Amino acid sequence: MEGDTFSGLGNGTQVDNRVLQTFQKNFVQVQNILDQNRLLINEINQNHESKIPDNLSRNVGLIRELNNNIRRVVDLYADLSCSFSKSMEASSEGDSGGTLKSDGKPGQKRIRPG
């Protein structure tokens, strides 16, 4: 739902649904890469323990793939950090009692009794 906001950061800060979907997508990508890395590391370890020359040679490519995956995870986290910062800046630019919704209009901040 475009224009919806979500108050789920504990301090009442509202984040629009589009930002949450981006976070979810990136976290799923990161988790998939980390799962793949676990498999690569297991295979690298098995090849190393076997001491078979062909397996040791294969580790060169596997280690390159692992390094590339690590770079991708770093990039995804950098994108997440940037997106989060931008969403917080957009929230603070709203009126003093609210935030900007994804349609650019100010929204009312929910105040929780506490």
Side-chain angles (χ1 to χ4, degrees):
M1 285 187 243
E2 187 129 343
D4 286 352
T5 56
F6 175 78
S7 180
L9 296 179
N11 61 359
T13 303
Q14 295 182 348
V15 179
D16 74 40
N17 198 24
R18 189 177 62 229
V19 172
L20 291 175
Q21 288 174 348
T22 300
F23 288 164
Q24 176 70 21
K25 179 183 157 212
N26 281 0
F27 282 126
V28 167
Q29 286 179 329
V30 165
Q31 188 58 54
N32 288 338
I33 294 169
L34 294 176
D35 289 342
Q36 183 182 6
N37 284 357
R38 185 176 346 102
L39 296 174
L40 285 170
I41 290 168
N42 287 340
E43 186 174 348
I44 290 166
N45 285 335
Q46 288 173 358
N47 289 344
H48 181 73
E49 289 170 3
S50 76
K51 306 239 188 275
I52 298 171
D54 286 343
N55 289 350
L56 295 173
S57 295
R58 178 165 161 65
N59 274 359
V60 173
L62 294 175
I63 291 169
R64 282 191 184 122
E65 185 177 351
L66 182 65
N67 285 335
N68 288 333
N69 286 353
I70 292 168
R71 282 187 201 99
R72 287 174 49 206
V73 168
V74 168
D75 290 343
L76 285 167
Y77 276 127
D79 291 345
L80 278 168
S81 176
C82 184
S83 294
F84 184 76
S85 295
K86 285 180 182 177
S87 71
M88 292 298 99
E89 287 172 11
S91 291
S92 67
E93 290 173 1
D95 62 2
S96 62
T99 61
L100 290 179
K101 291 184 176 181
S102 60
D103 60 2
K105 298 176 184 170
Q108 286 300 91
K109 186 183 273 187
R110 287 184 245 159
I111 300 174
R112 296 184 180 166

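If you're wondering where the values come from, they're calculated on a predicted model, not measured in any experiment. Both backbone and side-chain heavy atoms feed into the values below; hydrogens, waters and symmetry mates do not.
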Treating Ile, Leu, Val, Met, Phe, Trp and Tyr as nodes and any side-chain heavy-atom pair under 4.5 angstrom as an edge, say whether [X] and [Y] lie in one connected cluster.
X	Y	result
I52	I63	no
L76	F27	yes
V74	L80	no
F23	V30	yes

When you look at Q24 and L20, which way does the side-chain contact (heavy atoms from CB on, under 4.5 Å) test go after all the steps? CA-CA 6 Å; Q24 176 70 21; L20 291 175; over 6 Å; no
S85 side chain to S81 backbone, donor-acceptor under 3.5 Å: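 A pair under 3.5 Å: yes.
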Please find the pair of heavy atoms, one from N59 and one from E43, that lie closest to each other, and give the distance.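 Here N59 and E43 meet closest at OD1-O, 4.2 Å.
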Could you go through N68 and R71, starting from their C-alpha distance and side-chain angles, then the distance that decides it, and tell me whether this counts as side chain to side chain donor-acceptor pair (under 3.5 Å)? CA-CA 5 Å; N68 288 333; R71 282 187 201 99; 2.7 Å; yes
Show me the side-chain donor-acceptor pairs of residues 34-42 shorter than 3.5 Å, one per line, residues at least two apart or across chains.
unit_1 : atom_1 : unit_2 : atom_2 : d
D35    : OD1    : Q31    : NE2    : 3.0
D35    : OD1    : R38    : NH2    : 2.7
Q36    : NE2    : E65    : OE2    : 2.9
N37    : OD1    : N69    : ND2    : 2.8
N42    : ND2    : R38    : O      : 3.4

More than 12 non-hydrogen atoms from neighbouring residues, nucleotides or ligands closer than 6.0 Å to CG on N67, yes or no?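 Atom CG in N67 is crowded, with more than 12 foreign heavy atoms closer than 6.0 Å.
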Point-to-point distance, once rounded to the nearest 0.5 Å, from CD1 of I33 to CZ of R72: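 Those atoms lie 3.5 Å apart.
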